[in-house]
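Below, chains carry the letters A, B, ... as their sequence lines are ordered, and counting in each starts from 1. Fair warning: this is a prediction, and the values are worked out from it, not measured in the lab.
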Protein chains: 2
Amino acid sequence: MSTLTTPTTWEAEKVRMVNKASGAGRIAEQIGSAIVSGVYRPDQLVPGEIELSRRFQASRPVVREALKLLSAKGLIDSRKRAGTRARSREAWHMLDADVLAWRLKTGKAEPKFVFDLLQARTVIEPAAAAMAALNHTARTLKLIEAAFADMEVSVHDRALFVEPDIRFHRAILIATGNDFIAAFGALIETALGAFVRIASRHEGAPAPSVPLHRDILAAICRRDAEGARAAMLVLLNRTSRNAERNVVRQGSRKPKRH
Amino acid sequence: MSTLTTPTTWEAEKVRMVNKASGAGRIAEQIGSAIVSGVYRPDQLVPGEIELSRRFQASRPVVREALKLLSAKGLIDSRKRAGTRARSREAWHMLDADVLAWRLKTGKAEPKFVFDLLQARTVIEPAAAAMAALNHTARTLKLIEAAFADMEVSVHDRALFVEPDIRFHRAILIATGNDFIAAFGALIETALGAFVRIASRHEGAPAPSVPLHRDILAAICRRDAEGARAAMLVLLNRTSRNAERNVVRQGSRKPKRH
DNA sequence: CGCTTAGTTATGTCTGACATATGGTTGAGG
DNA sequence: CCTCAACCATATGTCAGACATAACTAAGCG
């Protein structure tokens with residue numbers, strides 16, 4: 001049953017984040033969530049390793065592995081004598097799938113989170129669609145087409161629809177041929193996952209968005225960069241309107257930072 | 001700057017990557033560089049932990065911490081029985097400062113790397129400048145202005161010029177008020193660091209770019225979004241022309257992925 | 001009063017062992 | 001001879017206890 005030489009790369013395997021079940025991943029998630037939710041203030045503290053090992057009922061090496069995970073994501077910084085400190089949010093790796101998930105889960109200030117997510121998508125994805133139109137190959141185009149076909153099949157159920165939807169947008173990012181643009185995949189995934197969570201109780205089937213996706217695919221197919229850009233922009237504008245309608249009203253306020 | 005013998009040119013508190021000196025960081029850098037340079041093929045192998053601990057003259061816990069660092073950056077994936085495998089490049093966190101540095105250091109296919117870097121900047125930074133013009137605060141504007149002032153001071157020396165230059169572009173990203181846009185800071189830093197490395201032996205002082213930066217700052221100051229976007233685009237086009245002139249000619253070839 | 005020095009403390013590192021799951025191998029059964 | 005189940009080897013996962021090292025604190029000395 002296994003396809004012999006063809007790698008068929010991901011498919012079964014989801015985007016693998018930290019293994020939540022096992023020790024280090026579980027602890028990293030707990031501490032990471034605490035940091036992004038503001039339990040541990042910017043430039044200070046975090047309990048010591050022995051204290052953490054006691055608190056999480058795990059040995060110190062496991063705690064240290066968890067801390068290394070968080071360190072690699074820019075959340076903490078350990079120095080020899082005085083403990084490990086939570087780093088300020090400018091240092092966080094905001095496009096890391098785990099950091100995004102933790103921020104979303106402990107949804108503090110969710111309106112601004114959703115707004116920024118959409119704003120970033122509006123910057124990246126139209127340009128990505130244009131680049132994909134110019135640079136796509138037979139292989140990458142096939143990925144986009146396959147994702148769109150699966151969207152059409154599951155158009156009746158929002159829960160089923162979201163997976164191929166995410167795959168569609170990711171495939172476009174990959175089709176750009178630019179690794180740095182493709183790095184936004186995690187962001188798209190989180191954004192769409194969040195939207196479906198928010199919007200699922202307000203609306204029915206996602207049928208109206210299918211023709212918009214079809215326009216994007218068609219433009220990419222005929223290597224029409226500006227058409228693809230415009231079509232993607234139309235889709236994102238629709239998504240923005242939906243988000244505005246669904247998010248609590250304060251979402252329309254201009255974000256006001258100190 | 002990196003692996004040198006700890007001159008600590010600019011003082012302690014900087015963007016802290018992995019602590020290269022100490023065990024886990026040093027090992028992570030070695031293995032990570034090997035992965036991004038293609039020594040360990042996509043979906044396969046990587047020596048076992050005991051073998052690694054022997055090879056790097058370190059204990060197994062330290063090796064495991066290094067592996068956790070790499071795991072958090074999307075480079076590897078460990079499963080219980082059959083070892084830890086190098087993940088395919090789609091999984092790599094391309095905007096991670098360490099991954100960027102490792103890819104740049106073991107510069108394989110550097111022309112495409114530089115080209116993609118510039119292309120990504122052309123997508124992000126004009127939009128970021130426009131957003132900064134609309135959203136900047138007194139605090140964030142001051143950061144941009146301070147960086148520009150330092151650029152003017154050190155205009156005579158390219159080596160000194162690069163630091164405030166990086167700071168200028170980072171400050172604009174921060175001034176957007178959007179965390180996800182700001183996440184590109186590491187990319188900008190790597191890009192400018194790479195360009196100065198490439199261009200330093202071809203050209204003299206970076207004086208011509210100063211008025212272009214001044215135009216960006218002025219547009220942001222007067223909250224002129226489209227002006228800021230256009231000014232940034234002008235700067236990036238100049239940078240692109242310089243890069244084209246400096247990089248070997250094959251950089252103009254269409255990147256051809258299988 | 002400032003500088004040096006000693007002590008405290010948390011991270012960093014090491015050793016050695018056991019637990020666990022999984023891939024491969026082997027043997028039983030069809 | 002082939003199929004499938006049980007077994008075993010192996011690499012990661014986890015644990016415990018110990019020592020090394022550096023940095024912050026404070027006492028001691030000039």
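Summarising the geometry, the separation between CZ on A:R64 and P on C:dT11 is reported as 8 Å, rounded to the nearest angstrom. Rounded to a whole Å, the CD atom of A:E49 is 8 Å from the C1' atom of C:dG12. Distance B:R54 CZ to C:dG16 C1': 19 Å, rounded to the nearest Å. Per the geometry, CD1 belonging to B:I76 stands 14 Å off C1' belonging to D:dA11, to the nearest Å. Atom CZ of B:R79 and atom C1' of D:dT10 are 15 Å apart (whole Å). Distance A:R85 CZ to C:dT11 P: 12 Å, rounded to the nearest Å. For A:L67 and C:dG12, the CG to P distance is 9 Å, given to the nearest whole Å. We find that CD of B:E65 is positioned 12 Å from P of C:dT11, with the value rounded to whole Å.
Here the closest non-hydrogen pair linking A:G23 and A:V62 is C-CG1, 3.8 Å.
Nearest to the side chain of B:S59, among D:dC15, C:dT15, D:dT12, sits C:dT15. For B:V62, counting side-chain heavy atoms from C-beta on, the closest listed nucleotide (D:dA23, C:dT13, D:dT12) is C:dT13. Comparing C:dT20, C:dT13, C:dA17 by their closest approach to the side chain of B:R60 singles out C:dA17. Distances from the side chain of B:P61 to the nucleotides C:dC14, D:dG13, D:dA22 place C:dC14 closest.
Residues A:R64 and B:K68 fail the side-chain proximity criterion, which asks for heavy atoms closer than 4.5 Å.
Nearest-nucleotide positions on DNA chain D for A:Q57 and A:K80 put A:Q57 closer to the 5' end.
Side-chain N/O atoms of B:H93 and B:D98 include no donor and acceptor closer than 3.5 Å.
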A:F113 and B:F180: ring pair (Phe, Tyr, Trp, His ring centres under 6.0 Å), yes or no, with the steps?
CA-CA 10 Å; A:F113 187 80; B:F180 308 116; 5.8 Å; yes

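Using the six-membered ring where Trp is involved, B:F184 and A:F184 have ring planes that are parallel, under 30° apart on the 30 and 60° scheme.
Below the 3.5 angstrom threshold, one finds no donor paired with an acceptor across the side chain of B:R81 and the base of D:dT12.
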